[in-house]
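Note on naming: letters A, B, ... go to the chains in the order of the sequence lines (proteins, then strands), and numbering restarts at 1 for each one. All values reported here derive from a predicted model rather than from experimental measurement.
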2 protein chains.
Amino acid sequence: MAQPGTVDRILDTAEVLFAQKGFAETSLRAITSKAGVNLAAVNYHFGSKEALIQAVFERFLSPFSEALNAKLAEMEASGTPDTPENLLALISRLALGTHPEDPRRAAIFFRLSGQAYSQPVGHLREYLHKQYGAVFSRLQEHMQRALPDMPPRELFWRVQFGLGAAIFTLSGMESLKEISRSDFNMEATEADITGRLLPFLIGGITAPMP
Amino acid sequence: MAQPGTVDRILDTAEVLFAQKGFAETSLRAITSKAGVNLAAVNYHFGSKEALIQAVFERFLSPFSEALNAKLAEMEASGTPDTPENLLALISRLALGTHPEDPRRAAIFFRLSGQAYSQPVGHLREYLHKQYGAVFSRLQEHMQRALPDMPPRELFWRVQFGLGAAIFTLSGMESLKEISRSDFNMEATEADITGRLLPFLIGGITAPMP
DNA sequence: CCGCGTTCAAAACATACGTTTCAAACATAC
DNA sequence: GTATGTTTGAAACGTATGTTTTGAACGCGG
């Protein structure tokens, strides 16, 4: 492994370009030339482009997943009550703050998630489900405890809807900011949008059953 | 123009493949060979691959956009009150029923929308905004009339959140159906999911202000 | 200082892509 | 029936991609 070197420079550059332009549209040459490393370095260190993509996601999601697990355990230990407000605020804080050294990485995080989710059949989606399905299930259980009267199947779909609203909106934040700027003369920040998002999610998830 | 021929066979095949695997991942050779037409036919009839993509969207969105416009005009004329319920039910019915000849096309419609939205910078997103921004604005005005006490900027974001929830969920419906099948032994249908989606959207959009 | 495993650099490779070319087939009007 | 404009077919073009190869450079323990 290289010290503060090639591997990390590739990952740093790749995550930015993947988030900006997508996986298929980002060539290894674009990554390596911008990262200032040799083209062959990707295949040498990672094996293939697809392995690079997975490595980018692992570096992103592992800290998030671990932090979420830790915070949930903390909640359980301290007896903090399970409420939609608590759970969603927790996730929101985590998503925005998992990488405090660079706030821009939150935006990259969202865009990568959107790319992964809207990706076709690809190995990526099942890799994510296999790798991080456990923490998602745990979250779902907490949400179920917060809303004991809601049928699990209904809750499952509502969480999916909420996930969609969040990822989709935050992933397209750049464009939406521009629209909101031209239509409302309003500058919108990440924190501003997530602040508006939370009441929406709570309202949707706790909406009365049909 | 070809009669019941080449052009439509290309569009029919392209929309399926684009929805399944994305734009960049679908080659013209894959389209033309599956459609049973010559490779050069795409460039001959459409000019380029990008023009093909736009043509696919135009064939999808124009009927939808026109139908929505017509229904909104109908509402205005008949004095039907603007309520979130009415408006969202209207859109839902339209999205599921714009192409009644083939219900599978609703799924394709959602997947294409998801692809377009999560697409990078590409010309597609601004093309869609330029082409269909008007009908979206009109819808937004109706929603504003339904919720006169909500600040327009707040409403803008809430509509975006709802759009995200809808497109994102419906676009990933195939995978989500499978998860719901394995986790809940539950068969989910399009109508089932949209039936659950509407209360969520209404709850989110009408949630109390923070 | 030497030997060896690791990393890097430059070039080449094979392939897939979008696009273009050009002649043949076709349809239509005169 | 011939001429004209349109559509199709097969092949080629140029380019960009992911990957592989081959040595050189480097770091380090003996």
Participant: Check the phosphate of C:dC8 against A:T6, side-chain N and O only, distance under 4.0 Å to OP1 or OP2. Yes or no?
Facilitator: yes
Participant: Taking everything shown except A:E76 itself, do over 12 heavy atoms lie less than 6.0 Å from its CD?
Facilitator: yes
Participant: Can you tell me which nucleotide in D:dG9, C:dT7, D:dT19 comes closest to the side chain of A:Y44?
Facilitator: C:dT7
Participant: Go through DNA chain C and write down every stem, that is, every run of at least three consecutive Watson-Crick or G-U wobble pairs with distances under 3.5 Å, as range with range.
Facilitator: C:3-30 with D:1-28
Participant: In whole angstrom, give the distance that lies between atom CG of B:D8 and atom C1' of D:dT7.
Facilitator: 15 Å
Participant: Using the side-chain heavy atoms of B:N38, tell me which of these nucleotides is nearest: D:dT7, D:dA10, C:dA9.
Facilitator: D:dA10
Participant: When rounded to the nearest 0.5 angstrom, what distance separates CG in B:L128 from OG in B:S65?
Facilitator: 11.0 Å
Participant: Are the side chains of A:L88 and A:L197 in contact, using a 4.5 Å heavy-atom criterion?
Facilitator: no
Participant: Answer with yes or no after comparing the ring centroid distance for A:Y132 and A:F64 against a 6.0 Å cut-off, counting only values under it.
Facilitator: no
Participant: Could A:R111 and A:E15 be called an ion pair, given the rule that one side-chain N must be under 4.0 Å from one carboxylate O?
Facilitator: no
Participant: Please check if the number of heavy atoms outside A:K177 that lie under 6.0 Å from its NZ is greater than 12.
Facilitator: yes
Participant: Counting the atoms with a prime plus P, OP1 and OP2 as sugar-phosphate, which does B:A41 contact under 4.0 Å by heavy atoms, base, sugar-phosphate, or nothing?
Facilitator: nothing
Participant: Does D:dT8 have OP1 or OP2 under 4.0 Å away from a side-chain N or O of B:H45?
Facilitator: yes
Participant: Respond yes when some side-chain nitrogen or oxygen of A:N43 is under 4.0 Å from OP1 or OP2 of D:dT19, and no when none is.
Facilitator: yes
Participant: Taking only nitrogen or oxygen atoms into account, show me every contact under 3.5 Å that the protein makes with nucleotides 12-17 of chain D, one pair per line with its distance.
Facilitator:
from, atom 1, to, atom 2, distance (Å)
D:dT17, OP1, A:S27, OG, 3.4

Participant: Tell me if the centroids of the rings in B:F57 and B:Y127 come within less than 6.0 Å of each other.
Facilitator: no
Participant: Does A:D8 come within less than 4.0 Å of A:R59, counting only side-chain N to carboxylate O?
Facilitator: yes
